[in-house]
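These numbers come from the heavy atoms of this one structure, side chains and all, not from hydrogens, waters or symmetry mates.
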Amino acid sequence: MQRIVSSQAGGRSASLVPFLFGVAQRPELPGVGLTRLLGDFGLTGAAARALLLRMRQEGKLASVRRGRGVGYRLAGEYGHRFDRIRRADHTPPPSWPGSFHAVLYQVPESRRAFRDALRRAAVHAGYGLLQQGVLIALEDRTGAVAPLADPPADAALFVTRLAMDEADAARAARLAWDLDALAGTFAGHTESLRAALRDQTAAAPEPGPVTLRRYAELLRTPMVESLRSPRLPAALLPADWPLPDLWRAILEVQQVYGAPAVSYVTSVLDAPR
């Protein structure tokens, strides 16, 4: 297998780390085991260690000394995403309450870095961008938007609610979260996953790096992109919203590849050092 050595490939490999945490089903992974598992995806030992160091410097990983070794935990944006996947609640949300929670902001161009960080953090927290300067969500999520805690003095920020009837709210949601594009993305992932399962041979996958790589190839992107879906009342979503079908397809893949992938990852993490 070709070794991944370029910085661009290493950047793409960063998403493997939260995926491996998810397969391991543990909040902390030993550095030695994590490095070995990254090696199953083509990273050299040096490249894997450099990746983990860079993720620590970017606030995506936290480390703690464990005897002669190091343990890692997901942090920052990656930690929030991991928690959201672990706590995934597929039950229907409540009915339309009559208004959106909203953050209104006006930030001068000289503070563009703050404005971009605010918008990025808000979107990661689940807000939709209704228009420039207007972020909306079904409930107050400001506690998860770190830039709001320390705005520049010349930025104007307002936290309020926007009342709308249900029809207008559905139109606003469609714009704010680009629901039509999301629907196409989710439907495409669903078809790809089911096509892959149809092509799966009769033999059950065996625990090992081949199965782990295939599991990651199938689920890494769909699981992360499923987090882009806002948690909205059914009345605000387009007809035939495809996210439940995607969740079912993800579950079908997990039923085939999950157990052998978990078994292999567990054997690597628990191997004597």
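Between Arg228 atom CZ and Leu182 atom CG the span is 4.5 Å, to the nearest 0.5 Å. Of the inter-residue distances, the one linking Phe19 atom CZ with Arg220 atom CZ reads 8.0 Å to the nearest 0.5 angstrom. The distance from the CG atom of Asp245 to the CD1 atom of Ile250 is 11.5 Å, given to the nearest 0.5 Å. Note: Leu269 CG to Leu20 CG = 8.5 Å, rounded to the nearest 0.5 Å. Atom CG of residue Leu135 and atom CG of residue Leu118 lie 6.0 Å apart, to the nearest 0.5 angstrom. Distance CG/Leu179 to CH2/Trp241: 4.5 Å, rounded to 0.5 Å.
Although no hydrogens or angles enter the test, the distance criterion places a donor-acceptor pair under 3.5 Å between the side chain of Ser267 and the main chain of Tyr264. A side-chain donor-acceptor contact under 3.5 Å links Ser226 to the backbone of Met223. Looking at Thr266, its side chain does come within 3.5 Å of a backbone N or O of Val262 through a donor-acceptor pair. Within the 3.5 Å criterion, the main-chain N or O of Ala234 finds no donor-acceptor partner in the side chain of Trp96. Thr211 places no side-chain N or O within 3.5 Å of a backbone atom of Pro207 that could act as its donor or acceptor partner. Checked by atom type and distance alone, the side chain of Arg141 pairs as donor or acceptor with a backbone atom of Ala125 at under 3.5 Å.
Taking both residues in full, the closest heavy atoms of Ser99 and Ala163 are given as CB-CA, 3.7 Å, listed atom of the first, atom of the second, then distance. Residues Ala169 and Leu236 approach most closely at CB-CD2, 3.7 Å, considering heavy atoms. The minimum heavy-atom distance between Leu212 and Ala261, with the atom names listed, is CD1-CB, 4.4 Å. Nearest heavy-atom pair, Ala196 versus Leu218, reported as atom, atom and distance to 0.1 Å: CB-CD2, 3.5 Å. Here the closest non-hydrogen pair linking Gly33 and Val268 is O-CG1, 3.9 Å.
A 4.5 Å side-chain heavy-atom check between Tyr127 and Thr142 finds at least one atom pair inside the cut-off. Within the 4.5 Å cutoff, the side chain of Val134 has no heavy atoms near those of the Phe100 side chain. Residues Val17 and Leu38 are in side-chain contact: their nearest non-hydrogen atoms beyond the backbone lie under 4.5 Å apart. Between Pro97 and Leu138, some side-chain heavy-atom pair lies under the 4.5 Å cut-off. Residues Ser63 and Leu52 form no side-chain contact, since every pair of their non-hydrogen atoms from C-beta on lies 4.5 Å or further apart. The shortest distance between side-chain heavy atoms of Ser229 and Leu243 falls below 4.5 Å. Residues Glu139 and Arg231 form no side-chain contact, since every pair of their non-hydrogen atoms from C-beta on lies 4.5 Å or further apart. You'll find the side chain of Leu157 stays beyond 4.5 Å of the side chain of Leu104, heavy atoms only.
Not a single salt bridge (charged side-chain N to carboxylate O under 4.0 Å, His left out) links Arg49 to another residue, sequence neighbours left out. Partners of Gln106 by side chain to side chain donor-acceptor pair (under 3.5 Å), not counting sequence neighbours: none found. Looking at residues two or more places apart in sequence or on another chain, you find a salt bridge (charged side-chain N to carboxylate O under 4.0 Å, His left out) between Arg214 and Glu217. The salt bridge (charged side-chain N to carboxylate O under 4.0 Å, His left out) check on Asp180 picks up Arg174, with sequence neighbours excluded. Under the ring pair (Phe, Tyr, Trp, His ring centres under 6.0 Å) criterion, Tyr257 pairs with no residue, sequence neighbours left out. Residues that satisfy the ring pair (Phe, Tyr, Trp, His ring centres under 6.0 Å) test with Tyr72, not counting sequence neighbours, are absent from this structure. The ring pair (Phe, Tyr, Trp, His ring centres under 6.0 Å) check on Phe21 picks up nothing, with sequence neighbours excluded. Glu206 is linked by a salt bridge (charged side-chain N to carboxylate O under 4.0 Å, His left out) to nothing, counting only residues two or more places apart in sequence or in another chain. In this view, Tyr215 satisfies the side chain to side chain donor-acceptor pair (under 3.5 Å) rule with no residue, not counting sequence neighbours. Listed by chain and residue number, nothing satisfies the side-chain contact (heavy atoms from CB on, under 4.5 Å) test with Ser192 (two or more places apart in sequence, or in another chain).
Legend: salt bridge (charged side-chain N to carboxylate O under 4.0 Å, His left out) pairs involving residues 96-106, not counting sequence neighbours: none detected. For residues 184-194, the pairs satisfying salt bridge (charged side-chain N to carboxylate O under 4.0 Å, His left out) are Glu191-Arg198, Arg194-Glu252, with sequence neighbours left out.
Using a 3.5 Å distance cut-off with no hydrogens or angles, the side chains of Arg115 and Gln132 do not pair a donor with an acceptor.
Two different hydrophobic clusters hold Leu53 and Val64 under the rule that ILVMFWY side chains link at heavy-atom gaps under 4.5 Å. Put simply, Val123 and Val145 are part of two different groups of oily side chains (I, L, V, M, F, W, Y) that touch within less than 4.5 Å, one to the next. Under the 4.5 Å side-chain contact rule for hydrophobic residues, Val32 and Val23 do not share a cluster. Tracing side-chain contacts under 4.5 Å through hydrophobic residues (I, L, V, M, F, W, Y), one reaches Leu129 starting from Leu148; they form part of the same cluster.
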Exercise. Going through the distances and angles, do Trp177 and Leu232 end up as a side chain to side chain contact (heavy atoms under 4.5 Å, CB included)?
Worked result: CA-CA 11 Å; Trp177 286 279; Leu232 296 172; 4.1 Å; yes

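Of the charged side-chain nitrogens involved, at least one lies within less than 4.0 Å of a carboxylate oxygen, so that Asp270 and Arg26 count as a salt-bridged pair.
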